[in-house]
Amino acid sequence: MPELPEVETVVRGLASRMTGRRIARLDLHRADLRWPIPRGLRRKAEGRRIEAVRRRAKYILIHLEDGGVLLLHLGMSGRLTIVNAEDRTPPELHDHVVFTLDDGTRIRFNDQRRFGVLDYLRAEALEKHPLLRELGPEPLDPGFTGERLAAALTGKRTPLKAALLDQQIVAGLGNIYVSEVLYHAGLSPRRLARTVTLERARRLVLAIREVLERAIAAGGSSLRNYVQASGELGYFQHQWAVYGREGEPCPGCDCGGGIRRIVQSNRSTFYCVKRQR
DNA sequence: ACGAGAACCTGTTTGC
DNA sequence: TGCAAACAGGTTCTCG
């Protein structure tokens, strides 16, 4: 599930509970997720005060007082759950990592498929980290403009859908929000990226901002302080226009089109053939 | 260098 | 009912 809006919601929830606290304990229940968890991570984290929790693309960055940074990625199935100090609920299957804060709060990192990541780096080397180095612009930053997107798409022979999933072109969109954004921009997912010139790129940038901001707002408003009663972070009711709606009528207008599902690079895309060109 | 597809893992749903 | 195939919201790696 986790695309940019979900990760942003998770980061806000984590920040409210972690900032200023110390990591009293870090329990690693296995030695790897997608990749090995660095040796010595526990020693580098335990006892340190948390200065800030930030997001870059779909990565969660937990900044420690000494300049260390914990980098988390939720992959396909990762979820974070906040467990209050007095809650004695035992660990669940696939709870691979558990943070315990100095006030007794626990944060469980559960990841069934283990495509997630836990790494450690130094703040001064953030830009050089192999996972962060190649990332494209943040879609909600003012620097992400139609001009910049058009330039990034120039000459690309790949379908627009695949280009927008490419984190080097814009960082944070995933399979669901790409379908949503293309619907709102009125552009076909099958259109070649290189045919997106300035006017269309501007439309796309507006659609990207609108869809992401609305999703973040929905996350914030439907969770009490971004934490569900269960303690789970980042899960909220979405109102998707096209994703998962194969066969339903086009929701946004009376064009009479139906939502079709196609497969592009082995992943589902949903769109309205009539409205999106 | 680019783009398509496989691979990484586990679990659930779908279709014969 | 049972079993295999398809599918799931991400990213990297390999190959042509």
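Note that the coordinates shown come from a computational prediction; the quantities given were computed from them, not determined experimentally.
- Of the residues near DNA chain B, A/N266 and A/R157, the one whose nearest nucleotide (by heavy atom distance) lies more toward the 5' end is A/R157.
- Closest to the A/Q112 side chain, of the nucleotides B/dT10, C/dC7, C/dT12, is B/dT10.
- Here, C/dT1 and B/dT10 have their P atoms 29 Å apart, quoted to the whole Å.
- The distance from atom CZ of A/R261 to atom C1' of C/dA8 is 11 Å, rounded to the nearest whole Å.
- Here B/dA4 is the nucleotide among C/dG10, C/dT12, B/dA4 with the atom lying nearest to any side-chain atom of A/P159.
- In this structure, the CD atom of A/Q264 is 13 Å from the C1' atom of B/dA4, given to the nearest Å.
- Aromatic stacking of A/F115 on B/dC8: satisfied, with centres closer than 5.5 Å and planes within an angle under 30 degrees.
- A donor N or O paired with an acceptor N or O is found under 3.5 Å between the base of C/dA8 and the side-chain atoms of A/R113.
- When rounded to the nearest whole Å, the span between CD of A/E246 and C1' of C/dA6 equals 14 Å.
- Annotation: C/dT11 and B/dT12 have their C1' atoms spaced 22 Å apart (nearest Å).
- Summarising the local packing, CZ of A/R260 is surrounded by 12 or fewer heavy atoms from other residues, nucleotides or ligands at distances under 6.0 Å.
- Here the P atom of nucleotide B/dG11 and the CG atom of A/D111 are 11 Å apart, to the nearest Å.
- At a threshold of 4.0 angstrom between heavy atoms, the contacts of A/S265 with the nucleic acid are absent.
- The CG-C1' distance, from A/L192 to B/dG3, rounds to 12 Å in whole Å.
- In this model, the phosphate group of B/dC9 is not approached by any side-chain N or O of A/H94 to a distance below 4.0 Å at OP1 or OP2.
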- Task: Start with the C-alpha distance between A/R56 and A/L126, add both sets of side-chain angles, then the distance that settles side-chain contact (heavy atoms from CB on, under 4.5 Å), and finish with yes or no.
- Result: CA-CA 10 Å; A/R56 169 70 172 118; A/L126 256 186; over 6 Å; no

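- Phosphate contact (OP1/OP2 of B/dA4, side-chain N/O of A/T158, threshold under 4.0 Å): present.
- Nucleotide C/dT12 holds its C1' atom 13 Å from the NZ atom of A/K58, rounded to whole Å.
- Taking every side-chain heavy atom of A/K156 into account, B/dG3 is the closest of C/dT12, C/dA8, B/dG3.
- Within a 6.0 Å radius of CZ in A/R190, other residues, nucleotides and ligands contribute 12 heavy atoms or fewer.
- Taking every heavy atom of both residues into account, A/L173 and A/V170 meet most closely at CD1-CG1, 4.0 Å.
- Among the atoms of the strands shown, base atoms are found under 4.0 Å from some heavy atom of A/R34.
- Ion pair A/E46/A/R22 not flagged as a salt bridge, since none of the NZ, NE, NH1 or NH2 atoms sits closer than 4.0 Å to an Asp/Glu carboxylate oxygen.
- Counting any heavy atom pair closer than 4.0 Å across all strands shown, A/L165 reaches no nucleic acid atom.
- B/dC9: no Watson-Crick or G-U partner with both key distances under 3.5 Å is found in any strand.
- One P atom belongs to C/dA5, the other to B/dA6, and the distance between them is 15 Å to the nearest Å.
- Distance A/H129 NE2 to C/dT11 C1': 14 Å, rounded to the nearest Å.
- Of the residues listed (A/K44, A/R48, A/R43), the one engaging A/D66 in a salt bridge (Lys or Arg N to Asp or Glu O under 4.0 Å) is A/R48, and it is the only one.
- Here C/dT11 presents its C1' atom at 15 Å from CZ of A/R133, a figure rounded to the nearest Å.
- At least one side-chain nitrogen or oxygen of A/R267 sits closer than 4.0 Å to the OP1 or OP2 atom of C/dG10.
- Comparing C/dT11, B/dA4, B/dC9 against the side chain of A/R114 picks out B/dC9 as the nearest.
- Between A/Q167 and C/dT11 there is a side-chain polar atom (N or O) within less than 4.0 angstrom of OP1 or OP2.
- Distances shown here put a side-chain N or O of A/S268 below 4.0 Å from the OP1 or OP2 atom of C/dA8.
- For A/D119 against A/P38, the heavy-atom pair with the smallest separation is OD1-CG, 3.2 Å.
- With P as the reference atom, C/dG10 and B/dA1 are 27 Å apart, rounded to whole Å.
- With P as the reference atom, B/dG5 and C/dA6 are 15 Å apart, rounded to whole Å.
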